[in-house]
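A short worksheet on the structure shown next.
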There are 2 protein chains.
Amino acid sequence: MSDARERQKFLQWLRDRGHRVTAERLALFEEIFAQHRHIDAEELLDSMKARALKISRATVYRNLDLLVECGLARKQRLGQNRFLYEHVHPGQRHDHLVCTGCGRVVEFVSPGIAALQGEICRAHGFSPTSHTLQISGLCNACVQKRDEAQRPPERALPSPAHVETARTLSGPPP
Amino acid sequence: MSDARERQKFLQWLRDRGHRVTAERLALFEEIFAQHRHIDAEELLDSMKARALKISRATVYRNLDLLVECGLARKQRLGQNRFLYEHVHPGQRHDHLVCTGCGRVVEFVSPGIAALQGEICRAHGFSPTSHTLQISGLCNACVQKRDEAQRPPERALPSPAHVETARTLSGPPP
DNA sequence: CCTCTTGTTGAGATCTGATCTCAAGAAGCT
DNA sequence: AGCTTCTTGAGATCAGATCTCAACAAGAGG
Ligand SMILES: [Zn+2]
Ligand SMILES: [Zn+2]
Ligand SMILES: [Zn+2]
Ligand SMILES: [Zn+2]
């Protein structure tokens, strides 16, 4: 596990604020840093139950907010309804492509966009604290699936030269 | 009202799909195009009731989805919880700065970001259908308010040379 | 190590935004 | 006008998130 530094930061942050270091908080921290993907509170609750870590729903929600507050986690609505959480690696901004066909989430990094956002905020005298950029659409696979469904008796269409494979962090929903 | 063209498009879209042109649909269309700001379903319902236009909650939700489907409205979560709707002007993409202090929403346009998004999608073989970009933080006024609150007996701080004023489309929440 | 204070937890109630149900109503075709 | 089919409205329902409050335990102090 490579979260020794983050763990230390979390504990220090808690103590600095007079918050207590509880077993539940540590367990939640471990869990969210063990899950290398975007995960929602309910899934987190289940996966902790599955590991025989006892924790209640309310505590999960409360402490997820705490993790976000201290900058170790990010909270976003990636699909439609639920909030998804992911642990944050300092200095590594990324954003998301969300496939509406299969639910997959792909991360991308764009220093150019980051820079432009900075310019825009400066121009408006705005002090940004966070941002959300997500692009919804269809991934390669889902586009092909849809095209095949539309005209069934026809194949050998010239497939794209090379299929871009990026980190896919969330599988399709059940 | 400058929505003659959009109104025509809406009616045509309805007929093309075999949907009916009802009084409720027309009223909702008028209302959302009359409100030049980001507004949620509940507010829309209230403002229509205030104008003695009878319409039910379910119908508002149903037909807002219809407007989004035909491309005349955009649906986004700008604050945290509710969906906000705004009417769309064709070919005029814009994104949002959201002040977490006063709730104000400011729109901005960035062709540069739009272009970069296009490149990213191409690189990933992703077919985008929509996007959300919002930057949260504090507006000029709220930054000053906070600074003044933090050290009360001190003034004459060098105010910024010129205060950028952009279209502010949503007032602070009640 | 024991005690006291005070922040934290857990089970379930509650809230909120959004969607669904289904009988009554009305577009629009003829 | 008559008929078919889509649409509406009132209220039930759903899902995700938050709140309540008594029991609990972290951590300071002795
Ligand atoms: Zn897909
Ligand atoms: Zn991510
Ligand atoms: Zn503000
Ligand atoms: Zn806008």
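Labels below follow one simple rule: chain letters A, B, ... track the order of the sequence lines, proteins then strands, and each chain is numbered from 1.
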Judged by each residue's nearest nucleotide on DNA chain D, which is more toward the 5′ side, A/Asn81 or B/Leu66? B/Leu66
If you walk 5' to 3' along DNA chain D, what is the first nucleotide with an atom under 4.0 Å of a heavy atom in chain B, and what is the last? D/dT5 to D/dA10
Rounded to the nearest Å, what distance is computed from the CG atom of residue B/Leu78 to the C1' atom of nucleotide C/dG17? 16 Å
Check whether any side-chain N or O of A/Thr22 sits under 4.0 Å from OP1 or OP2 of C/dT9, and answer yes or no. yes
Can you tell me the distance, in whole Å, between the CG atom of A/Leu67 and the P atom of C/dT8? 14 Å
Phosphate OP1/OP2 of C/dT9 contacted by A/Asn63 side-chain N/O (<4.0 Å): yes
Under 4.0 Å, heavy atoms only, any strand: does B/Arg25 hit a base, just the sugar-phosphate, or nothing? sugar-phosphate
Between the base of C/dG10 and the side chain of A/Arg62, is there a donor and acceptor pair under 3.5 angstrom? yes
Pair B/His131-B/Gln76, side-chain donor/acceptor within less than 3.5 Å: no
Any Lys/Arg nitrogen of A/Arg93 or A/Glu107 sitting under 4.0 Å from an Asp/Glu carboxylate oxygen of the other? no
Is the positively charged end of B/Lys75 above the ring of B/Phe83, judged by distance under 6.0 angstrom from the centroid and angle within 45° of the axis? yes
Under 4.0 angstrom, heavy atoms only, what part of the nucleic acid is B/Arg20 near: base, sugar-phosphate, or nothing? base
When the nearest nucleotide of DNA chain C is assigned to A/Lys54 and to B/Glu24 on a heavy-atom basis, which residue is associated with the more 5' position? A/Lys54
Can you list the other members of the hydrophobic cluster that holds A/Tyr61, where links are side-chain heavy atoms under 4.5 angstrom apart? none
Length of the line joining B/Asp46:CG and C/dG17:P, which is rounded to integer Å: 11 Å
Verdict with reasoning, A/His38 to A/His96, per ring-ring contact (aromatic ring centres under 6.0 Å, His included): CA-CA 11 Å; A/His38 309 83; A/His96 301 101; 4.7 Å; yes
Between CG of A/Leu28 and P of C/dG10 the distance, given in whole Å, is 11 Å
Check whether any side-chain nitrogen or oxygen of B/Tyr61 sits under 4.0 Å from OP1 or OP2 of C/dT19, and answer yes or no. no
Check the distance between C/dG7's P and A/Arg15's CZ and give it to me in whole angstrom. 18 Å
Decide, yes or no, whether a salt bridge links B/Arg51 with B/Glu31 under the criterion of side-chain N to carboxylate O below 4.0 Å. yes
Expressed in angstrom and rounded to an integer, what is the separation of A/His19 atom NE2 from C/dT9 atom P? 11 Å
To the nearest Å, how far apart are B/Glu43 CD and C/dA18 C1'? 16 Å
B/Leu84 CG to C/dT16 P, in whole Å, measures 17 Å
Validation row: A/Leu133, B/Asp95 side chains within 4.5 angstrom (heavy atoms): no
5'-most contact on DNA chain C (nearest-nucleotide basis), B/Arg82 vs A/Ser56, goes to A/Ser56
